[in-house]
Amino acid sequence: MIASLRGGVAGVYADSAIIEVAGVGYSVRMSGKDLSQLRAGREVYVLTTMTVSQDAIALYGFLHKATQDFFAQLTKVNGIGPRVAMAILSTLTTEDLIKAIRNNDVTALTKAPGLGKKGAQKIIVELSGSVNLDFLVSDSSSDSAQPAPHGASTSDEGARQVVQGLVSLGWQLKDAAATVEQTMTDLGLEIPLHTSQVPVVLREALTRLDRGR
């Protein structure tokens with residue numbers, strides 16, 4: 001099984017890219033969000049998931065582990081194939097997908113092409129019990145907590161929750177912590193971060209991290 005590819009981008013198309021590795025071009029289906037980050041002629045590292053059906057063998061690619069994990073979760077839902085799963089990931093960010101499942105928001109999910117109301121309801125029912133939706137709340141059963149951002153008190157539970165949320169979405173701890181610290185500074189928020197400000201800081205931090213990709 002092909003788990004990842006590192007090579008040059010030979011071409012970017014509507015729903016796929018050609019990644020050339022050692023003279024071999026691999027056709028990799030990717031979300032629109034990931035494809036928008038690719039540029040022909042540049043090197044890229046892509047995580048891949050191979051699917052095998054009666055009709056074809058397909059390779060799906062992801063720039064972030066969190067997105068790949070959600071793809072795997074979505075394709076486990078009865079009636080949701082890899083094409084529909086990729087359409088969902090092209091339409092919704094990981095954060096929006098988590099919110100839609102947590103809030104039973106069928107309308108948000110059905111914005112994805114090829115996904116009807118029944119399919120959206122299945123996703124909500126089947127994934128609400130298997131995906132960590134409440135990612136902003138620290139896991140009290142964990143033996144080791146994530147460190148607070150540099151400059152914040154270790155008792156700053158709010159800031160720590162934001163960092164944990166970003167890490168759970170696939171960002172590196174050091175990048176998440178630095179971004180949270182800078183975001184709090186720019187927004188003029190005091191330490192410790194109040195619980196009501198956690199969503200605000202999370203959204204702004206995600207925006208900044210996305211811009212820096």
Side-chain angles (χ1 to χ4, degrees), residues 2-7 9-19 25-40 42 44-53 55-128 130-133 135 165-166 168-171 202-203 205-213:
I2 301 174
S4 65
L5 296 172
R6 185 186 295 278
V9 179
V12 181
Y13 307 98
D15 61 355
S16 65
I18 303 297
I19 311 299
Y26 293 85
S27 177
V28 185
R29 296 175 181 172
M30 302 176 69
S31 72
K33 297 180 185 303
D34 281 352
L35 287 170
S36 68
Q37 304 296 314
L38 304 184
R39 298 291 182 272
R42 294 185 181 179
V44 67
Y45 176 74
V46 179
L47 298 166
T48 57
T49 297
M50 181 182 292
T51 63
V52 180
S53 66
D55 301 325
I57 297 175
L59 202 59
Y60 290 85
F62 313 88
L63 296 182
H64 301 283
K65 185 67 169 60
T67 312
Q68 184 185 40
D69 289 343
F70 252 114
F71 177 83
Q73 291 285 344
L74 288 167
T75 54
K76 290 178 182 178
V77 176
N78 185 32
I80 304 299
R83 286 184 178 275
V84 174
M86 191 59 76
I88 294 171
L89 294 173
S90 291
T91 306
L92 301 172
T93 65
T94 305
E95 181 191 20
D96 288 339
L97 182 53
I98 290 174
K99 288 181 179 179
I101 296 172
R102 182 180 57 193
N103 297 331
N104 297 319
D105 191 346
V106 173
T107 301
L109 290 176
T110 53
K111 291 179 181 178
L115 182 64
K117 183 176 180 180
K118 289 185 177 179
Q121 290 172 334
K122 284 183 179 180
I123 290 174
I124 290 172
V125 170
E126 296 188 31
L127 294 192
S128 60
S130 60
V131 178
N132 180 20
L133 303 178
F135 63 96
L166 294 171
S168 73
L169 292 172
W171 298 102
L202 178 64
R203 285 193 296 270
L206 276 171
T207 299
R208 293 178 181 218
L209 286 167
D210 283 337
R211 283 202 301 261
R213 286 177 178 175

J.: Can you tell me how far NZ of K99 sits from CG of L92, rounded to the nearest 0.5 angstrom?
T.: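 Between atom CG of L92 and atom NZ of K99 there are 11.5 Å.
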J.: Testing L97, N103, N104, I98 one by one against I101 for a side-chain contact (heavy atoms from CB on, under 4.5 Å), which residue passes?
T.: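 The option that passes is L97.
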J.: Any luck finding a side-chain donor-acceptor pair between Y60 and R29 under 3.5 Å?
T.: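 Yes, R29 and Y60 have a side-chain donor paired with an acceptor closer than 3.5 Å.
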J.: Please tell me if the side chains of V12 and M30 come closer than 4.5 Å, counting only heavy atoms from C-beta onward.
T.: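 Result no, sub-4.5 Å side-chain heavy-atom pair not found.
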J.: Measure across T48 and S4 and return the closest heavy-atom pair with its distance rounded to 0.1 Å.
T.: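 Heavy atoms only, the tightest pair is OG1-N, 3.1 Å.
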J.: So, taking the atom named OG1 in T107 and the one named NZ in K117, what distance separates them when rounded to the nearest 0.5 Å?
T.: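 Between T107 OG1 and K117 NZ, I get 8.0 Å after rounding to 0.5 Å.
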J.: Restricting to non-hydrogen atoms, name the atom on A100 and the atom on A108 that form the minimum distance, rounded to 0.1 Å.
T.: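 Scanning both residues, the minimum pair turns out to be CB-CB, 4.1 Å.
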J.: Quick check for you: to the nearest 0.5 Å, what is the distance between N78 atom CG and K122 atom NZ?
T.: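 N78 CG to K122 NZ: 4.5 Å, rounded to 0.5 Å.
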J.: Does some side-chain heavy atom of L63 sit less than 4.5 Å from a side-chain heavy atom of L38?
T.: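 Answer yes - side chains close enough.
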J.: Apply side-chain contact (heavy atoms from CB on, under 4.5 Å) to the pair Q37 and V44, showing each step before the final yes or no.
T.: CA-CA 10 Å; Q37 304 296 314; V44 67; over 6 Å; no
J.: Measure across S90 and G32 and return the closest heavy-atom pair with its distance rounded to 0.1 Å.
T.: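 Where S90 meets G32 most closely, the heavy atoms are OG-N, 2.9 Å.
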J.: Can you tell me how far apart CG (L47) and CZ (F71) are? Round to the nearest 0.5 Å.
T.: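 Going from CG on L47 over to CZ on F71, the span is 12.5 Å.
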J.: Within the 4.5 Å heavy-atom criterion, are V9 and I19 side-chain neighbours or not?
T.: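 In short, these two side chains touch, coming nearer than 4.5 Å.
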J.: Identify the heavy atoms of A120 and V106 that sit nearest to each other, and give their distance.
T.: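 Distance-wise, the nearest heavy atoms are CB-CG1, 3.8 Å.
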J.: Show your reasoning for whether side-chain contact (heavy atoms from CB on, under 4.5 Å) applies to D34 and V46.
T.: CA-CA 10 Å; D34 281 352; V46 179; over 6 Å; no
J.: What's the shortest heavy-atom distance between V77 and E126, and which atoms?
T.: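 In this case the closest contact between V77 and E126 is CA-OE1, 3.4 Å.
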J.: Taking all heavy atoms of V84 and all of G114, pick out the closest pair and write down the distance.
T.: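 Distance-wise, the nearest heavy atoms are CG2-O, 4.1 Å.
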J.: With a 4.5 Å heavy-atom cut-off, do L89 and K33 have their side chains touching?
T.: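 Heavy-atom side-chain distance check fails, nothing below 4.5 Å.
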J.: Hey, what do you get for CD (Q121) to NZ (K118), rounding to the nearest 0.5 Å?
T.: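 Interatomic distance, Q121 CD to K118 NZ, rounded to 0.5 Å: 8.5 Å.
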J.: With side-chain contact (heavy atoms from CB on, under 4.5 Å) as the criterion, how do Y13 and I18 come out once you've worked through the C-alpha distance, each side chain's angles and the decisive distance to 0.1 Å?
T.: CA-CA 8 Å; Y13 307 98; I18 303 297; 3.6 Å; yes
J.: Okay, side chain of T75, backbone of G81: is any donor-acceptor separation there less than 3.5 Å?
T.: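 Judged by distance alone, no pair lies under 3.5 Å.
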J.: Tell me if a side-chain donor or acceptor on R39 pairs with a main-chain N or O of S36 at a distance below 3.5 Å.
T.: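 It does hold such a pair.
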J.: I would like to know whether L115 and I80 meet side-chain contact (heavy atoms from CB on, under 4.5 Å); could you show each step before the answer?
T.: CA-CA 8 Å; L115 182 64; I80 304 299; 3.8 Å; yes
J.: Once rounded to the nearest 0.5 Å, what's the spacing between atom CD1 of I88 and atom OG of S31?
T.: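 Rounded to the nearest 0.5 Å, the CD1-OG separation comes out at 12.0 Å.
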